[in-house]
Each structure stands twice: as structure tokens, then as C-alpha cells.
> 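Pasting in a structure now, in C-alpha cells, and then I'll have a few things to ask.
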Amino acid sequence: MYPGLSLLLASEWTWEPSVLIGLLAVTTAYVLLAGPGRKAFRGSAPISTGQKTAFHLGTLALFIALTSPIDEAAETYLLSAHMAQHILILFATAPLWVLGVPDWLIEDVARRLPAVARFGRKLTQPMAAFGIFNVTLIAWHIPALYQASLHSDGVHILQHLTFIAAGVIGWWPVLAAVQDSVPRAPRSVQLIYLILMVFPGLGLAVLLTLSPRVLYPFYQAAASAGIDPLGDQEAAGILMWFTGTVAYLVPLTHVFYAWVHDLERADAAAARAAATAERSA
Amino acid sequence: MSMGNRPTASRVPLIMRIRKAWLLTTGFVVAAGLSGCAGSPTFLNPASSISDHEAGLYMVIFYLALGVFIIVEALLAYALIRFRKRDDDTEEPRQVYGNMRLEVIWTAIPVLLVLTLFALTVSTANAVAAPKPADSDVRIHVIGHQWWWEFEYTDYGFTTANELHIPVGANVQIDLDSVDVIHSFWVPQLAGKTDAIPGHTNYLWLTAGTAGTYHGQCVEFCGVNHANMRIKAVAESEADFKAWVQGQQQPLYQPQTPQEQAGQDYIVNQICSNCHTLGEYEGKRSIGPNLTHLMSRSVFAGATYDLNEANLRSWLQDAQAMKPGNDMIVNLSSEDIDNLMAYLTQLK
Amino acid sequence: MTTQAEALSAPQAAAGSGQGLLSWVMTVDHKRIGIMYLITATAFFVAGGILALLMRTQLAQPNATVLSNAAYNEIFTMHGTTMIFLAIMPLGAGFGNYFVPLMIGARDMAFPKLNALSYWLYLFGGLFLFSSFVFGGAPDAGWFAYAPLTEKLYSINHGMDYWGLSVLMLGTATTIGSINFVVTTIQMRAPGMSFTRMPMFVWMTFVTSVIAIFALPSLTTATLLLLLDRLVGTHFYNVSAGGSALLWQHLFWFFGHPEVYIMILPAMGLISEVIPVFSRKPLFGFMTVVYSGIAIGILGFTVWAHHMFATGMAIGALLFFSANSFIIGVPTGVKIFSWLATMWGGKLSFKTPLLFAIGFVALFTIGGLDGVHMAVLPVDWQITDTYYVVSHIHYVLFGGAIFGLFSAMFYWFPKMSGRQLSETLGKWQFWLMFAGMNLTFFPMHMLGLLGMPRRIYTYADGLGWGIWNLIETVGAYLVALGILFFLINFFRTMASPPTNEADPWDAFTLEWKASSPPAPYNFAEIPSVRSRRPLWDEKYPDKADWKQGE
Amino acid sequence: MTASTASPARFRPGSTAKVGLLTVIASEIFFFATALSAYFFLRLEHPEWSLPAQTPTGLLIPSLNTLLLLASALVIRQAQRAIAADRTKMAQMALGLTFVLGLIFIGGQVFDFSQSGLKPDDAAFGGIFMALIAFHAFHVLAGMVYLGITFARALLGDFSANHHTSITLCAWFWYFVVAVWLTLFGALYLV
């Protein structure tokens, strides 16, 4: 079925020093923050284990994306491996990191740098976040830009950085724990937001899967390695399509039941208040 | 707010509900039993490994669905009988709002069912997947026209229509095309259907396990005569197939008698040449079938009529009556018809 | 919750509340528009039914000559288009127009004039479509009008132009109606009615409207491009000049599959109102049923190509559509189990509304299981475009949507007219339709398995199809008899004096608080709500819903 | 996941008309999305289409038009700010200017088509390219009709600081029209 399997198994792990240093730095910073460093921030509470595991899982996902055989296969022939890499960044690392960041950290930073907080609040507005996430997603699929990222490492790193940034901004309205300085959207807006997020990815994935010709000439080389580039491109399209649908349905279920829970709690409180008011009147 | 008069419960006789349950179950038993009926072109009576896989998968899905059906309808029937409102009982039942555990269970079970179904789908899809075009024994170019099928045997250099011949056990590779609208090529007992889409060649593979003639039909609505665009697929032994191919490769029959010569001249020079090709006389546009070996076929007019002299003569007299709305709009004098009949009947 | 004040001034004397014909034409009252929708849609439903009878008479015998092939093609196209665009969708819109404002405690829809516009656009679109029979030939390329066949070259007469223009009109009418429903549901709910306390029918109409808003533009694009092809001479679908034959199928089915959910979700909402009332129990797992509606709505947009399994697309994509079509079966199953759980432990009184609701549950289960059969890719290669599909369509649309709509017709008839439809005639109608429906559509499974393609005006003898087609024709006439019983019931009841009973079924939701038929302004003062079943709270204060803290 | 203690922020969409317009815009976005995917679907089947779509008159006029529309967006935003600050004179001027800029945009597009020699019935490319631009032009015209009505009402002094929903709606629809043009410009001319 999947044409690229043989090559994927053949490629080895790539131990890129710059990647390793970066990931190590991020992890140590977070561990310090969770441990002794917490006191440096006002109103800091101990970070729950759930948040810790979420953050480290995010870093692990990035590690797998950038150093496992996926990376080497992605660099050489397989569009589908490259797609898997970007999906790990956008749909694993970014959301898990947003989940892992404690709210008091952002509140304190916002208190210290109000200008940055205002800018952050503007960026993570649902409408803006939706635009940034999807425009970045679509922009990097334009053949000219994508070819550039394949040919030069600088552009490729820029691509990955923009994906991480767009991912964090895109998932912020839904997953951020923060309520005040750079708040997440209200539950009902999150519901609409997640429903609408399905469609841009869906359109892109459909065109990628059903395209009768290879969109990115770089991958013509895959034919020499005995892989049918069109089949590989189709597999990449399906991977994006499936993730795009499932990746939003899972948080959507959580958001829906959280929204129902909030509403029912508010309704019950209102009903009791009305009842007591009636009794006293 | 008055209590409102309580609606008197009218008792739906038990017999009515039993009759409903009986009606549904017999329907299903008949469906299962009937699938073996020989006469009709059903994939449940397969003649190829492809249709066999698909029939097997259908049966598995059918019995799974039957199980779910029986559970749900039995629960429904039981609820209808058990929780009927007795006349004297006006007190409200216990108000149950929901039960998260039950909801999780009846979501999880369908999900598991769905996963098994998907696994079955993928495995069968692989099993019936077309082998590499390279190792196909016979390669046929099938072209859908508005309201008949054209079969071009590119390997052997001849073209025929309405009647498809394939050797038994061979791996037949079909390149499916259409010159006008979307048709769909389907011989149920040999393979699943595939659409013939203009400008988009589809690849379909056929194989016949046992010799015999199999009925097929165009299955994508393609206009006025969609119902009259049928296929007669003949699976024959290797030897018979070779003999049939030899027959088709013979050069055009040269007319012996002046009447036959007049018939051929009419076809080649008169109105017939606008649509039909005959031997080396290529018609301007192949609107109609190739007539070189017309009589070697047992059916004609989109495989809706048996090819015998009586049918052919009435076709020439009034084609519109036999297949209303087709593109053959001619009025021939009886003398022309006699000449044509004399020549056409010789085109073995 | 925004209060009513901003939306509507004091009880607005609804324009055209008089009795004359002009008052009906000029009305913007959601109740009158709802009634006009229901009457027009029932008329089109009967017209579509007559077309179906003609088809069944032609197919009763092999090689029959009741209808010519050209006439048969026109009739089956008009049957499909009428039933979908002119009967089922408007019936849902009719009940929605009448009851959504009443059930959420509002005085009217958010945009009353727009509401009237969408009805008249629908009526004109329907009449325009039917006028094609008289002027220039009816459309004859199937209700989903696949592209190359509908090009000028292969559909020379104006049939497809009629189809395209009227579908554009009907699509605009539905989009405007959907926008009206969405805004009404968001803005004009009664005080205390949060989203978790809205009745299920309002929820399902809301989800249907959102789906329609996102799905109909795809049909508008496809039809506009087709009309440009036919009238201006562009080449979007003309393969020889660079167009693509598959483009129409993708655009149409991206609308087509959400469309079938636009047709079934209101009916699911309707029976979610009827079953609790006649089981004397609340709907089981309310918010899960709502969520399954939303999930069906979203997934509906990702499965469209399971209508195109035979087009030879990439096998990976087809398997993906097959998987998604399976996943969409799960929320549907959850709904069926919730209805069963609602009836479980209840006190069922078998009035006609409940009979139709039970008919819905029983028959929709069969239709749903057929759907699962066709989601299996290799099996679909054998049974797509055969009568198996026709059987699936009719089990879910006739057994599902129409049974649900008739259940609502009997349930809400007292509220709309102050008169109750006769129970005996209702039961006769139910059993005739139930038996007729099974006799007509169940043998289609056998025909599909026996390889009979759909949309053929005749078939050869000796293929084992004749017996089943004959049974189906008998069944079709039984269903027609059932519908006749309904018409008799309707006219007899309208002739009898009204009893004006406000709450004949001892129901739970807000619309039964208003009088029957409700005053033009619905409620003297807007009622406030503390749970999903305000009338239950009033009738049984000690067992009130909001006390349960569920 | 720390459950937020503060009461959940409520979604206040504002008046009925605003919710109505947002729904209309959502529907129109899907109309353009499907039309654009039809364009890309056709383009995928035709590698020979000149990429990016170089109309004979080149990119000059379309890019000028794009700048024009962006400017009109800023102008109508100014109208919103002005009416919020109760400066009705400024708001009227801004609305009028937006109308004029819209007119110039339509003129520019019509001129560009007349020069480009593209005809709707020469192969699929001409058709879909002109259809998309025509659909968008139709929406610009609809926006300008609404703009004209609002401009006339502004002249009659209908609007004040606390009552100017119509101007807000006009602005929102105009932003939608400009956003769609940016996407079309990118898809048809640049990519």
C-alpha cells in the first residue's frame, strides 16, 4: 500500500547538533521553571504533572520529527515523510507546548511587559489566530516557496520556526490555560473556531491527494529510488487529510462537553438563585 | 395550568405489532435465500476471483448487519410490548435523564465494529487490486459510446462491439474510455463496476474463473437509451478464444453477387459511411459499431436484441421503433434493404 | 441572553393578521409562513408521489411501454429533484418556521421580511421547475445532473436550464432561511434558555441551518458554472476543450452529502420531541444526542466521495472516504440507542405521532445498515448505482425523513389549527404506509443484489427482476393509498369545528404554553425557562428537571 | 488542565444584524472557497497553463487595483473611527471616497479584461479565470450598492456615535470583499 515504506525503514537517525542543543535548552529551561525557578515569578503555583508531561511530550514529538528516520527520508525523497514531520510539529508539539505552559508564567510576563502582552492578545484573537495558522499552512504549500525550503537549509529552518510559531498561535485560543492577560477564547467561540479549522486543511489535502501530477518537482527524484512520486504525494495528502479531520474532532469533543458543563453549572446556579428569590419574595 | 385531560390510551392490538415483526424477518430470509438464483447477473453467483472476494465480503457484512438489526429491532419490539401504558395507570414513570457509562459503551462498541469493518475493507481492496499492467495476458480498449460499447482488441488489431470475448483464467487488462458522457462498465459476475469518464482513462482488470456468457449493463445514467446499453461477456476456453480472434482478423468479405456488391457500395458510399466503419473503409466518425464481422456477433443494438435476419431486417426498416432515441435515423427503400441484407448476412 | 426588547417592540400586530387572501400574501408572521411552507411542500410531495407511481407502473413489467424512455427520464429526474428540494427540505423549513420561535419563547423570527422572501423564492422556484413540463421539456439528466450529460451538446432542450435556474433559486431561499434560523436561535431565546436548555428540534434545525450555510454555496458554484457552460459557452465541464468531467461530481457531492443530513437532521429533531412526550420520559442523554448531531454535521463534509467510489480515483483516497463514512455511522447509532433508551422504562401511549416515530426508528435502522454496506469499498463497487442504493435512499429518506415529518404533522396539528387529526384514519395511514413502504423498498435490496442498475426505464425479461418489480409496484400503490388517507383526514378535520385545546398531548415544551392556534404575538409576556422541559416543571414542581441537578 | 475558576467569558455577538451579516459572510466565504478549489482542480489537470497567470497586460493593472482596494479598506476603517467619535462630516467623506475607490477598481478590472483579449469561451482557462473575477466583481458591486445607501443615510444625518450599526456592517462586508480579492489576486496572479 504505502509506496515509501521501504525507504523510510532504510534511512537512519540523524543527530543534528544544533537541533539537540536547542531541545536540551528548552527542556532544562522548563525543568528549572517547574523547580526552584518558580519563585522568581509572582503568583506562581506548582505546575501540575499533567502540564509537565504535556510539555515534555511536545518536546519529544519535536525530537522525533527532527532526528528520527522521518527527517532523513523527508530531506531526500519522501513528501509523505516530510508531511509527517510537519504534522508532528503543528498537531503535536505546538498544542502540547501550549498546554504545558502554566498561566501564572504568562500573567507575570504580561505584567512586566504590557506592550508585548497587548501584541500577544491581538495575535491570539480567534479571527487573527485562525488567519495566521491557515495562511502559514497554505503559504508553505505553494510550490515556489516549498521548493525553496527544500533547496536551502536556511529557508527550511525558517519554515519549521514559522510552523512552530503559527502552531502555538493557532492552538492558543483553544488550549491556553490563561484567562486574563492573553486569554483563550470563550468556549462557544472555541467550538466555532475548531469547526472552521477543519476546512482550510481539508481543501489543501483534497487538492494534494487528487492531483493528477506531481506538484513539487524536487520529488521526481523519488522515482530513481524506486518510489512512485505520485503515490507518495497521494499518501502525504491522505495523511494530512486524516490528521486534519481527527486532530480537530478530539479537542472538539473536549471543548463541547466542557462548554456544556460550564453552561449547566451556570444554569443550575441561576435556577437556585431564582428559586430562593421566589421563596423570599 | 390545568392538568389537561389525560389522553385515553388506545390499545394497539398485539397482533398488529407481531405482524410487523414477521414482515421484516421474512424479508431478510428471502434476501439471503434468493442470492443463489442462477438466471440473474448477480455478483453473489460469482464467476471470477474478484467478484468472489466481493461476494464473500458482502456476506460477512450482511450477517454483521443482520446481527445488529436483530438486536436493535428486538430491543425496540420488547420496549413496545413491555412498556405499554396500561389504561388505569396515570402515574408518571421514573425520569431518567442519561447515563454517561451507557453512552460510552454504545459509542465504543460501534467504534470497534467500525474498525473491524475497515480492516476487512482494506484487506479485500488489496485482494482485488489490479495486478501490474505489464503481466496482463489480454489488453482490451473499451470505449463507451452513447448507447453501445466498443471493444478494441489492440493486441490483435481488430474492433468489435456489444459482445466481449475473453479467455477463461486469463488476466484481462481493460483501458476504459468514453467519447461523450460518463458511462460505467459492469459485468457483475466478473468484476466491480468502473466508470468510463471522457478525458480520464480508467484501468479495470477482469478475469473469468469458469466459461459461460455473463450479462452486463451500463450503470451510470447516460441519456435516453441508458437502459439499452448492455454487454454480453463471453468467457471461453483458450482454444475457442484463439479461433474467435482468427475469425475477427480475417479480411473483409468481398461481395460475390451484384446484389451484395450493391449492398457494399451503399454502406461504403452512402449514408452508412457517416457513422459505420467497414473493413478498411474508415467511416468519417465512428458513431456506430464496426460492421466488418457483424454476423459473428450474437447480439446487436447495444446487446438488446439477438442478431438474426428477422431482427436485422426490422432494424433496417425502423431502428427508432426498436431503440427509440438512438442516433440511427435513416429511411431506406425496400430495395436498398434487400441489398444490404444480402451483403450484411455474409459478414461472418 | 439578549432580551426580547431590543429585537421586537411591544406585541407587534403582525402585518396581515386578517383572514383574506391578500393578508396571507403580505404576511410576515412566522406561523403563516410556516403553514404556507407546509401546504406547498405537501402539494409538491403529492406531485412527486404521482411521478413515482408513474415510474413504478412503467417498471412493473419487463419491456413495458407505459412511458417512453424520454418521458421516463424526465419523470425520474423530476421525482428526485421535487422530493428533495421541493418536499422534504421545505417541510423541515415549514415546521422550523412555525415552531422554532414558539419553542424558544420568541415572538417571531429574527428577520420576518427575509422569512417571507425565502418562502416566495421557494414557491416561485418550484413552480418554475414544474413549468418546464409545459415549456421546452423537463430536466432529464437525473437529480444530481452529472456534467458531460448536462452539457448543451448532450442535453439540447432547455430542461437543464430550468433545473439549474430553479436550483439556484431554491438554494438561495434555503440559505436565506438558514441564516434566519441561525440568527433567531442565537439571539432570541427566552430568558433562562441557555444552549443546553434549547429543545432538541431547535438544536437540530440550528445544526441543519449551519450545515446548509456551508454546503449550499458548493451547489451554487457548480450550478453557476454549468449554466455558464450551457448559456455562455464556457468549457468548465466540456472535456474536449479542457474542462473536467469529474469537477461537477466533486462540487456537487461536496454539497450532496451534507444535503442528505440537511434532510434527515430536522426529522431526527422532530422525533426527539415526539418520543419523550409519548413515553412520558425526558430524552435520554440529551447533550450526547446534540453532540452526535454536530459530529454528523462536521463529518458530513469529509465523506462526499463515497458517492464516487466507481470513478477510478486514487485507491488511497477512496479508502479514506470509506473510513470516514464508517465513522459517521457511530453518531447515527448513538442517536438510535438514545431513542430506544428514552422509550425504555417509559409509559408508551400509541398515538399516531408515536407510531410514525417508531416507524422512523425501525426503518432508519435498516437504512443506516444499508449505508454501512455501501461504505465498504469493494462491496460498493458491486452495489453502487444499482437498486440497492435506491433502497438505501428510500429507507432513510422515506422511512426516515417522511415518517418523522408525518409524526410531527400529527403531533403539532392541534397546535397549528386547534383541531386534532383523527386517530383511526391516522393509524390506517401509518399501517398502509409502513406495509407499502416495506413492500416497495425492501425488494429493491434483492434487485440491487441481482444487478439491476438504477434509472433504467425498462429491463430484459428472464433476469429474475420481474417478480420483485411487480411487488414493488403493488407496494407503491399501497403507500399512495396511505397518503390518500392523510388527505381525507386533513380535509375532514379542517371541516370540523376547532376544539382549540392548548395542550392535548400533555407535553413539555414552550409551544404548548401558547394557545392553539397561538396569537400573532405568540406569548402575552415572554415566559422564562429553568430547564429543558418548562411545562413539566410547572406540572410537577416537586419532580422539576432543574431540581434533579442532572 | 486547570479548570478556570473565573466565570466563563460569554460570547456577546452584538445586535441581530451583526450576527446575520457574519453568517452571510461565512456562506459567501464558502462560495469563493469552492470556486477557488474548482480553479485549482482545473489547473492541476492543465500543467500547460502559464504560471503565474500572465494576462497579456501583465501584472500592472491588477496590482494597482489591489493597492486601490487596500486603500479603500483603510478609508472605510477611518469612517468607522470617525462615526464612533461622532465626527459625521469625516464619516460621510470617508464613505464617499470608498465608493469612488470601488468604482475605479471595477473600471480597472473591466479595462484589464478588455485589453487582455481573454474570452470566456476559449478553453477552460479563460472561463474559470474570468468567472472568478466576475463573481468577485459582483460582490464588490453589491458592497457598493450597500455603501451607496449608507452614504446617502449618512448625508441625511441618520448616524451618530451610539447609533451606526449600518456603517459597521458596511465596513465588515467591505473588509470581506477586500480579503477575497487578496486571495484571488494571490491565487490567480502570483502563485
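Throughout, protein chains are lettered first and strands after them, A, B, ... in sequence-line order, and every chain is numbered starting at 1. Computed from a prediction, not measured in an experiment: that's the story for all the values here.
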> Under 4.5 Å between any side-chain heavy atoms of B/Glu103 and B/Ile105, yes or no?
no
> Quick check on C/Leu340 against chain B: is it the side chain, the backbone, both or neither that has a heavy atom closer than 4.5 Å?
side chain
> Is B/Leu102 in contact with chain C via its backbone, its side chain, both, or neither, using a 4.5 Å heavy-atom distance?
side chain
> Is there any side-chain hydrogen bond (donor to acceptor under 3.5 Å, both in side chains) pair reaching into residues 192-201 of chain B, and which pairs are they, with sequence neighbours excluded?
B/Asp177-B/Thr201, B/Ser184-B/Asp195, B/His200-B/Asn202
> Atom NE2 of C/His445 and atom OG of C/Ser391: how far apart are they, to the nearest 0.5 Å?
3.0 Å
> Got a second to check how far B/Gln189's CD is from B/Asn45's CG, nearest 0.5 Å?
5.0 Å
> Can you check whether C/Gln249 reaches C/Leu246 side chain to side chain, under 4.5 Å on heavy atoms?
yes
> Given that the side chain runs from C-beta out, which part of C/Trp339 has a heavy atom under 4.5 Å from chain B: side chain, backbone, both or neither?
neither
> Heavy-atom pairs under 4.5 Å with chain B: which of C/His373, C/Arg455, C/Met343, C/Met452 has the most?
C/His373
> Quick check on the interface: out of B/Val224, B/Thr124, B/Leu176, who has the most heavy-atom pairs with chain C under 4.5 Å?
B/Val224
> At a 4.5 Å cut-off on heavy atoms, which part of B/Arg230 comes close to chain C: side chain, backbone, both, or neither?
side chain
> With a 4.5 Å limit on heavy-atom distance, are the side chains of C/Asn238 and C/Glu151 in contact?
yes
> Could you have a look at C/Ala375, C/Gly329, C/Ser338 and say which one has the most heavy-atom pairs with chain B under 4.5 angstrom?
C/Ser338
> Within 45° of the six-membered ring axis of C/Phe286 and under 6.0 Å from that ring's centre, is NZ or CZ of C/Arg532 located there?
yes
> Working note: C/Glu538 + C/Lys513, criterion side chain to side chain contact (heavy atoms under 4.5 Å, CB included); need CA distance, chi angles, decisive distance, verdict.
CA-CA 10 Å; C/Glu538 279 167 17; C/Lys513 203 166 166 41; 3.1 Å; yes
> With C/Lys347, which residues qualify under salt bridge (charged side-chain N to carboxylate O under 4.0 Å, His left out), at least two apart?
B/Asp89
> Using only atom types and a distance under 3.5 Å, with no angle test, would you say the side chain of C/Thr311 pairs donor to acceptor with the backbone of C/Met308?
yes
> Do B/Trp106 and C/Phe284 have ring centres separated by under 6.0 Å?
yes
> Less than 4.5 Å to any heavy atom of chain C: does that hold for the side chain of B/Gln217, its backbone, both, or neither?
side chain
> Side chain, backbone, both or neither: which part of B/Val128 has a non-hydrogen atom closer than 4.5 Å to chain C?
side chain
> Give the member of B/Gly199, B/Ala79, B/Ala65 that has the highest number of heavy-atom pairs under 4.5 Å with chain C.
B/Ala65
> Side chain from CB out, backbone as N, CA, C, O: work out which of these in B/Ile197 comes under 4.5 Å of a heavy atom of chain C, or both, or neither.
side chain
> Heavy-atom pairs under 4.5 Å with chain B - which of C/Leu377, C/Leu153, C/Thr288 has more of them than the others?
C/Thr288
> B/Cys222, B/Ser178, B/Gly325, B/Ala55: which one forms the most heavy-atom pairs within less than 4.5 Å of chain C?
B/Cys222
> Please look at C/Tyr154 and chain B and tell me whether the side chain, the backbone, both or neither of the residue comes under 4.5 angstrom of a heavy atom of that chain.
side chain
> A side-chain contact here means heavy atoms from C-beta on lying under 4.5 Å apart; do B/Val72 and B/Leu76 qualify?
no
> Taking every non-hydrogen pair under 4.5 Å, which of B/Cys218, B/Ala191, B/Gly216 racks up the most with chain C?
B/Ala191
> Please tell me whether C/Tyr146 and B/Glu220 have a donor and an acceptor in their side chains that are separated by less than 3.5 angstrom.
no
> Can you tell which of C/Ala323, C/Gly142, C/Gly333 has the highest number of heavy-atom pairs within less than 4.5 Å of chain B?
C/Ala323
> Please tell me whether B/Gln95 and C/Trp536 have a donor and an acceptor in their side chains that are separated by less than 3.5 angstrom.
no
> Given that the side chain runs from C-beta out, which part of B/Ala196 has a heavy atom under 4.5 Å from chain C: side chain, backbone, both or neither?
neither
> Against chain C, label B/Glu54 side chain, backbone, both or neither, depending on which of its atoms sit under 4.5 Å from a heavy atom there.
both
> I'd like to verify something: which residue of C/Gly368, C/Gly345, C/Ala141 has the highest number of heavy-atom pairs under 4.5 Å with chain B?
C/Gly345
> With only heavy atoms counted, which part of C/Ser68 is less than 4.5 Å from chain B, the side chain, the backbone, both or neither?
neither
> Sort C/Phe76 into side chain, backbone, both or neither according to what part of it lies under 4.5 angstrom from a heavy atom of chain B.
side chain
> With a 4.5 angstrom heavy-atom cut-off, could you sort out which part of C/Gln420 is near chain B: side chain, backbone, both or neither?
neither
> Does any heavy atom of chain B fall under 4.5 Å from the side chain of C/Leu283, the backbone, both, or neither of them?
backbone
> Is it the backbone or the side chain of B/Val179 that comes under 4.5 Å from a heavy atom of chain C, or both, or neither?
backbone
> At what distance, to the nearest 0.5 angstrom, does CD1 of C/Ile456 lie from CG of C/Asp385?
11.5 Å
> Of the backbone (N, CA, C, O) and the side chain (C-beta and beyond), which part of B/His215 lies under 4.5 Å from a heavy atom of chain C, both, or neither?
side chain
> What distance separates C/Phe337 CZ from C/Trp344 CH2, expressed to the nearest 0.5 Å?
12.5 Å
> Does a donor on one side chain sit under 3.5 Å from an acceptor on the other, for B/Asn228 and C/Tyr457?
yes
> Please classify the contact of C/Ser292 with chain B as side chain, backbone, both or neither, using a heavy-atom distance under 4.5 Å.
neither
> Kindly compute the distance separating CG (C/Leu369) from CZ (B/Phe62), expressed to the nearest 0.5 Å.
10.5 Å
> At a heavy-atom separation under 4.5 Å, does B/Thr304 approach chain C through its side chain, its backbone, both, or neither?
neither
> Under a 4.5 Å heavy-atom cut-off, does chain B meet the side chain of C/Phe278, its backbone, both or neither?
neither
> Taking the side chain as every heavy atom from C-beta outward, state whether B/Val96 and C/Lys281 have any atom pair closer than 4.5 Å.
yes
> Which bit of C/Asp380 comes within less than 4.5 Å of chain B, counting heavy atoms only: side chain, backbone, both or neither?
backbone
> Under a 4.5 Å heavy-atom cut-off, does chain B meet the side chain of C/Ala147, its backbone, both or neither?
neither
> Taking every heavy-atom pair that is under 4.5 Å apart, which of B/Ile182, B/Leu57, B/Asp180, B/Leu75 has the most such pairs with chain C?
B/Asp180
> Can you tell which part of B/Tyr203 gets under 4.5 Å to a heavy atom of chain C, answering side chain, backbone, both or neither?
neither
> Could you check which of B/Arg82, B/Met100, B/Gln146 has the highest count of heavy-atom pairs closer than 4.5 Å to chain C?
B/Gln146
